[in-house]
Trainee: 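My questions will all concern the structure given below.
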Amino acid sequence: MAYNHQEIEKKWQDRWEQAGIFHAKDGGEKQKFYCLIEFPYPSNAGLHIGHPRSYTALDVIARKRRHQGYNVLYPIGWDAFGLPTENYAIKMRRKPQDVTTENIATFKRQLRSLGLSFDWSREVNTTDPNYYKWTQWMFLEFFKAGLAYKTSQPINWCLSCKIGLANEEVVNGKCERCGGPTEKRDKEQWMIAITKYAERLLADLDGVHYLEKIKTQQRNWIGKSEGAEIDFVLNVPGQEPGKHNVTVFTTRPDTIFGATFLVVSPEVGKKWLDVGWNASESVREYVETSLKREEMDRTAEGTEKTGIDTGVVAINPANGKEIPVWIADYVLGNYGTGSIMAVPQHDERDRDFAQTFGLPIVDEPLVPFDEAVEKVAGRKKTNYKLRDWVFSRQRYWGEPIPLVWCEKHQWVAVPDEQLPVVLPEVERYEPTDTGESPLAAITDWVNTTCPTCGGPAKRETDTMPNWAGSSWYFLRYIDAHNDQAFASQDKLTYWMPVDLYNGGNEHTTLHLLYSRFWNKFLFDQGHVPTSEPYARRHSHGLVMASDGTKMSKSKGNGVNPDEIVSEYGADALRMYILFMGPFEEPVPWSLNGLIGVRRFLDKIERYVSEWIEVQTNNEVAGTVERTLKKVSDDIESFKFNTAVSTFMTLFNEIAGQSVTREQIKKILVVLGPFAPHLANECWEKIGEKGLVEEQPWPEFDARLLVQDEIEMGVQVNGKARAAIRISPTADEVTAKQLALAEEKVQKHIEGKEIVKIVYVPGRILNIVVK
RNA sequence: GCCGCGGUGGCGGAAUUGGUAGACGCGCAGGACUCAAAAUCCUGUAUGGGCAACCAUGUGAGGGUUCGAUUCCCUCCCGCGGCACCA
């Protein structure tokens, strides 16, 4: 018989709530443990079956820590600004505010049904003015520190979202959100100077405990490279020789003798033209067309190299030789100096180019790096691939940027006491093709007075990207209802840093990098106590559809968590999602797999129902202890799948016999983090009082962990031939005797000479014969 | 191209300071219970042969080290993720 999950899950969820046992205390004797999952984006699609993977895994850890006596903070909130909601609201002709409220209610109901041990009293919502007041305040801190600046620059413009994107949001030239094409547009944008922190973001990775692949990915993204800047004197036709020069960046100054031409990017070419370079018509045309080419097109794999000789000649400072200067779009305008010295002998791209255009390739000897730099009067220079963060969005559903433009005083920060600058509620907020934010049309709101001089002024109408609110939410959980500060210093000092943070790999170079930066900045301003926000970062794999492909709305191959919970129960979903495969890997969903886990839970329930207390059961004492230890260890190493299978093995072994009260209690406590509702139900069933959650994590009896007798393999010439029952500490003579007594062993050594016996106590005995 | 990870039954996956490969679950087959079904329980389930005791083969391919290799080394093939003309 199956147990009634709907009844018992509701029952225990209510009891937990009444007891308030998941509320973290801001201080006290206990050691703190701050456990964090990436807060969800409450889309109108509702909870995705993948969400519980991360949440239950950390729920298991959070619950275990509470048993172990920690003061655990496991909070939850909503990252609710953003495009999908806005687009949906536009389509439905509704207000994003209302849609968001509804979506959050749905998510909340769904998450609550899973029995996660969140501290709901600290719930945060990035779209709540009481929250974004502080997001705005922090932005102004960046502004006041000179790290936020407005500049006109080519940005990635998504044609269908009608929005400017950060570099990180453009994947293969396409919009990361909608997959649509992007183009370059010149636009005034607020930027935040994350590049000022490039070195620290890189160096401080050494001091945090992140999965190695996460560190590697961040390192690559920051892309540090050390080299030198070198000046080349130019001779421009029709101009006085030596009047101009060009600076190149290279990581290989040691190859400078092999430099046979220079290449400047079309962007640099444009600058030259702008200052009056009298170039040929074909050069102008090349610059024009390359600048129009989409990034994607320009950088795609296998793209034929294009370029044009400028007629300008440069002098190689190493050997005084004249070399031609070309313009080519394989050189990027926004990296290094936008110009390079081409060494076809040592660089594949330069060689390609040289071969395409018949430029010389010479093999010159290398000179030591430092010597080369000195000889040509170069300057050592470190460059990073990381770019400054495009912080403006021309959309409605985001935090207004709290700045005011005054003709006299230029950009002026809205004073603290006037924060938050509340997003005005309006009827129309569709994006515009002009690239202007919809807020620009609300003249009542836009027109204001300058905080400095009281004269007429206009509000900034761009909003922040949704990475803003998520860059600091972990700080707000610490003191979610504080209206004097984003959080009190005492509480921040108590809780920071986050001890364990789990989230998706897709955020490694976005949210994870942004929030590290944001926190470091706040640290420098004296607002937070730690330079790094997260002591440890782990990640989970996606839950795929049963055919191994990504779940998607259009394919209709998704799984609805509500249906699973109502039909099979939260405990079954929790335990299955942990069991389905290694936590860091993507794993396909299998309904049969889930049903199998549910069968196992029924088996537990049956076992406990039929349980009759016995005074001793030494038979299984070791098995029980080893299960507890293995499950404990597996939780620490994120091996939830084998933890679940260990429980299955245990129940297979104790089936048909009873265990003592102490034994069954320990089992239920350790089961608790995985299937908390059922564990409590069983706890009550065996006549125990209170909640499983109030029990200490069981201690293991080390003596019971050791088996006095094990089955050990016996090999002949490395091939398994028999197994003997033996003490794991038996001496070689005993082991040898037992092994040689085996019929199967005798058969294989008959008539042969024993050359050697390898005996590893408790592991193997190998008889080598010839 | 570069960086990282991986390749194990029909399927998801276990096992690595080198030590009986295939735990656990799914699926499948057979049986018990039942008038029957569901549920549950029991048995079997890498492959080939004997079709039972057993023998041989077997962790992407090929070499190597070792008493012993899924695990370490070399060469190669395939898949996944990230970066991608960053000089």
Side-chain angles (χ1 to χ4, degrees), chain A residues 1-2 171-172 211-221 223-225 227 248-252 255 259 263 265 298-303 305 328-332 334-343 346-350 352-353 383-387 505-506 508-509 541-542 546 548 576 579-582 584-597 599-600 602-603 606 639 641-652 655-656 711-724 743-744 747 755-760 762-769:
Chain A
M1 262 299 282
V171 178
N172 290 335
L211 285 183
E212 207 45 48
K213 65 172 176 183
I214 296 175
K215 288 190 183 186
T216 307
Q217 217 179 310
Q218 288 212 346
R219 287 192 187 110
N220 291 344
W221 187 262
K224 179 178 183 171
S225 59
V248 305
F249 173 72
T250 177
T251 54
R252 297 292 308 273
T255 65
V263 187
S265 56
R298 193 170 145 180
T299 59
E301 184 184 2
T303 303
K305 287 207 165 42
D329 65 6
Y330 83 93
V331 172
L332 305 175
N334 54 2
Y335 181 77
T337 62
S339 307
I340 62 149
M341 64 176 204
V343 185
H346 291 282
D347 186 285
E348 214 179 309
R349 298 153 301 178
D350 297 345
D352 265 7
F353 192 78
N383 271 325
Y384 300 88
K385 288 188 203 171
L386 188 68
R387 309 287 159 79
N505 292 310
E506 70 278 18
T508 301
T509 55
L542 295 175
S546 35
Y576 169 64
F579 179 63
M580 63 199 305
E584 284 128 69
E585 308 291 325
V587 223
W589 173 264
S590 156
L591 185 61
N592 278 331
L594 175 108
I595 292 170
V597 167
R599 272 205 282 268
F600 171 58
D602 284 328
K603 191 165 154 179
R606 250 188 336 269
K639 291 160 80 173
N641 54 334
T642 51
V644 174
S645 66
T646 303
F647 281 119
M648 291 170 169
T649 309
L650 171 73
F651 279 89
N652 287 343
E711 190 156 281
M712 189 183 78
V714 178
Q715 304 180 328
V716 176
N717 284 349
K719 282 202 165 71
R721 294 301 179 187
I724 53 177
E743 206 181 311
K744 292 177 198 166
K747 205 167 90 188
V755 184
K756 178 174 174 184
I757 289 184
V758 179
Y759 173 53
V760 183
R763 294 286 193 181
I764 201 81
L765 186 128
N766 188 10
I767 302 167
V768 186
V769 297

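When reading the values below, keep in mind they use all heavy atoms of this one structure, side chains included, and skip hydrogens, waters and symmetry mates. Chain identifiers are assigned alphabetically (A, B, ...) following the order of the sequence lines, protein sequences preceding nucleic acid strands; residue numbering begins at 1 within each chain.
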Trainee: From A:F600 CZ over to A:F647 CZ, what is the distance, rounded to the nearest 0.5 angstrom?
Mentor: 7.5 Å
Trainee: Output one letter per nucleotide in nucleotides 19-26 of chain B: B when a protein non-hydrogen atom lies under 4.0 Å from the base, S when only the sugar-phosphate is that close, - when neither is.
Mentor: BB--BBSS
Trainee: Once you round it to whole Å, what is the distance between P of B:A87 and CG of A:D350?
Mentor: 12 Å
Trainee: If you pin A:V768 and A:K213 to their nearest nucleotides in RNA chain B, which one's is more 5'?
Mentor: A:K213
Trainee: Report which part of the nucleic acid A:K747 touches: base, sugar-phosphate, or nothing (heavy-atom distance under 4.0 Å, all strands).
Mentor: sugar-phosphate
Trainee: Whole angstrom is fine here: how far is it from NZ in A:K224 over to P in B:A87?
Mentor: 13 Å
Trainee: For A:N505 and B:C80, what is the distance between atoms CG and P respectively, to the nearest whole Å?
Mentor: 17 Å
Trainee: Should A:K639 be listed as having a side-chain N or O under 4.0 Å from OP1 or OP2 of B:A15?
Mentor: yes
Trainee: Which is true for A:T508 with a 4.0 Å heavy-atom rule: it touches a base, it touches only sugar-phosphate, or it touches nothing?
Mentor: nothing
Trainee: Taking the nucleotide of RNA chain B with the nearest heavy atom to each, does A:K756 or A:K385 sit closer to the 5' end?
Mentor: A:K756
Trainee: Using a 4.0 Å heavy-atom cut-off across all strands, classify A:R219 as base, sugar-phosphate, or nothing.
Mentor: nothing
Trainee: Where does B:G68 land, syn or anti, given syn is within 90° of 0?
Mentor: anti
Trainee: What integer distance in Å separates A:H346:NE2 from B:G1:C1'?
Mentor: 19 Å
Trainee: How long is the straight-line distance from CZ of A:R219 back to CD1 of A:I214, given to the nearest 0.5 Å?
Mentor: 11.5 Å
Trainee: Specify the separation, in whole Å, of atom CZ of A:F353 and atom P of B:C85.
Mentor: 16 Å
Trainee: Please report, rounded to the nearest Å, how far the P atom of B:C67 is from the CD1 atom of A:I757.
Mentor: 15 Å
Trainee: Provide, to the nearest angstrom, the distance between the CG atom belonging to A:L386 and the C1' atom belonging to B:C83.
Mentor: 14 Å
Trainee: Whole angstroms only, please: what is the CZ-P distance between A:R721 and B:C67?
Mentor: 19 Å
